[in-house]
Amino acid sequence: MGNRGVEIFFLVNYYGWNILFEDEENNTLDNIFDRALHGKKIVRNQTVLNSDYIPNKLPFREKQISLIGQSLAPILKGNKCSNLILYGKTGTGKTVVARYVTEKLFERANNNDLKIRVAYSNTRMSNTGYRILLDLANAIGLNIPFTGLSIAEVLQRITNVISKNKYLVIFVLDEIDYFIKIHEDNLLYELTRSYDKFKPGSLVVVGISNDLNFKEFLNPRVLSSLSEEEIVFSPYSAEEIKSILQDRASIAFEEGTISQAAINLCSALAGSEHGDARRAVDLLRIAGEVAERENASKLEEKHIRSAVQKIERDRIYDALNSLPIQAKALLIAVTNSNPNSKTGDIYEKYQKVCIKIGLEPLTQRRVSSILSELDLLGVISASVISDGRYGRTKKITCSVSQQIIREIYSKDQVLSILY
DNA sequence: CCTCCACAGGAAGCGCAGGAGT
DNA sequence: ACTCCTGCGCTTCCTGTGGAGG
């Protein structure tokens, strides 16, 4: 307490009283604090709207829950259970159902003194074999340096801990398709077929895939052991999304502060396309923030609409700002070129940009890869086409308006000299 | 039907960073 | 101090290819 007093005293002396009490900026700050203290509150419980929130009940997923439960139940008796794959598009509840079931299982096992450990790894975040094993090691309380050991060594240590402590491990591998497409599946093979290796402990792999066709990328020997059981998550219907939103909204928002029309619009905008519940809930959360900032007493349709815009704007802004400098230069080269330019043309423009900002240009091969990455990000669209006699190339068009890119990059230290 | 363009994209390998083990 | 390990961004070298024009 004493320390804080000293800090405030220091600030006041440093900036002078006039700034604290007369400056206009400070009035706006006061307003913000006032609103936080006395303003109308719409959101009662925000955690319900967070993406990692696990509800007490998961409507429309009873079938999947019981199927997963049946597959994993033998572990409670220390028996071997089958490896699983959960399929379904984004926002169909795969992750949340997997977490829900494993959590319940964990509780039950604790009551019965079973040493169950649940490990979770998102292979998009932990995008190397090493990091996936790191996640697994953490879950079983094993300390592994984040670099320096060979994969085999890490695997060996994990195996030792599991079998020594007789751990029954459930390893959830989220977005497993992402990993398989980039890496080989050797690691998966090691993990899935190694039943004997972990004895007297055991390890079950629960794979979660957004891509229904990802099996094509799998080696047959892995396929047979990994996909012993497959569970499909179909997209939510618009009605189901509406019901989910209503459930969440009734907990998250103060009574009477959200209109039915707003919920309808939210589920229509986010849900109808692919039945993506996560997007719908995200939208509701952002809209709630927007409404509170406006000091509105009720969440209405206009808040949902500005939330949609805000999400899109933030997405582009983040994507463009977090790019490495070479990719930024390349993107500027794309905006300086005509739509449907060829890789070669873009490369020439890119070299010019590099000279202007004093950057060593990369090779065309590398630039080609970066163009593909930018395409994946949705910043540009690049499609491979063949122009017969005139060769085979990518046709590249910028997906973000030149104005937005200018707006963002004119504030960049290095790139601002271009504008 | 064949040729040949202008690349795509795979494979290998390099140098560096960051760390472990001895 | 030294060796060994992996990941990362990159280069070099390479083979593959759809289809317009001859």
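All values below were derived from every heavy atom in this structure, side-chain atoms included, with hydrogens, water molecules and symmetry-related copies excluded. Letters A, B, ... are given to chains in the order of the sequence lines, protein chains preceding strands, and every chain is numbered from 1. Please read all numbers here as calculations on a predicted model, not as lab measurements.
Atom P of nucleotide B/dG9 and atom CG of A/Leu371 are separated by 11 Å, given to the nearest angstrom. Note: CD (A/Gln364) to P (B/dG9) measures 13 Å, nearest angstrom. A/Lys395 places its NZ atom 12 Å from the P atom of B/dA6, with the value rounded to the nearest Å. The separation between A/Arg392 atom CZ and C/dT15 atom C1' is 12 Å, rounded to whole Å. One interatomic measurement links the two molecules: CD1 of A/Ile370 to P of B/dG9, which rounds to 15 Å at whole-angstrom precision. Across the protein-nucleic acid pair, A/Asp387 atom CG and C/dG18 atom P stand 14 Å apart, rounded to whole Å. Rounded to whole angstrom, the span from the CD1 atom of A/Ile385 across to the P atom of B/dC5 amounts to 17 Å. With rounding to whole Å, A/Leu362 atom CG is found 10 Å from C/dT11 atom C1'.
For A/Ser368 and B/dG9, the shortest distance from a side-chain N or O to OP1 or OP2 is not below 4.0 Å. Between A/Ser386 and the phosphate of B/dC7, there is no side-chain N or O to OP1/OP2 separation shorter than 4.0 Å. Contact annotation: A/Lys394 side-chain N/O to B/dC7 OP1/OP2 distance is not under 4.0 Å. Contact annotation: A/Arg389 side-chain N/O to C/dT17 OP1/OP2 distance is not under 4.0 Å. When the side-chain nitrogen and oxygen atoms of A/Lys342 are compared with OP1 and OP2 of B/dA6, none of them lie within a distance under 4.0 Å. Between A/Thr363 and C/dT11, a side-chain N or O to OP1/OP2 separation shorter than 4.0 Å is present. Within the 4.0 Å cut-off from OP1 or OP2 of C/dC10, at least one side-chain nitrogen or oxygen of A/Arg366 is found.
Shown are A/Val97, A/Val118, A/Ile116; of these, the side chain to side chain contact (heavy atoms under 4.5 Å, CB included) with A/Thr102 is made only by A/Val118. When each of A/Ser383, A/Ser341, A/Ser368 is tested with A/Lys394 by the rule side-chain hydrogen bond (donor to acceptor under 3.5 Å, both in side chains), just one qualifies, namely A/Ser368.
Open room surrounds CG on A/Asn56; 12 or fewer heavy atoms of other groups in view lie less than 6.0 Å from it.
When only modelled atom types and interatomic distance are considered, A/Asn50 and A/Gln46 share no side-chain donor-acceptor pair under 3.5 Å. For the residue pair A/Arg99 and A/Thr95, no side-chain donor N or O sits within less than 3.5 Å of a side-chain acceptor on the partner.
For A/Arg365 against B/dG9, a side-chain N or O and a base N or O form a donor-acceptor pair under 3.5 Å.
Distance from the side chain of A/Arg131 is smallest for C/dC8 among the nucleotides C/dG21, B/dA8, C/dC8.
Both A/Ile396 and A/Gly388 lie near DNA chain B, and the one whose nearest nucleotide falls closer to the 5' end is A/Gly388.
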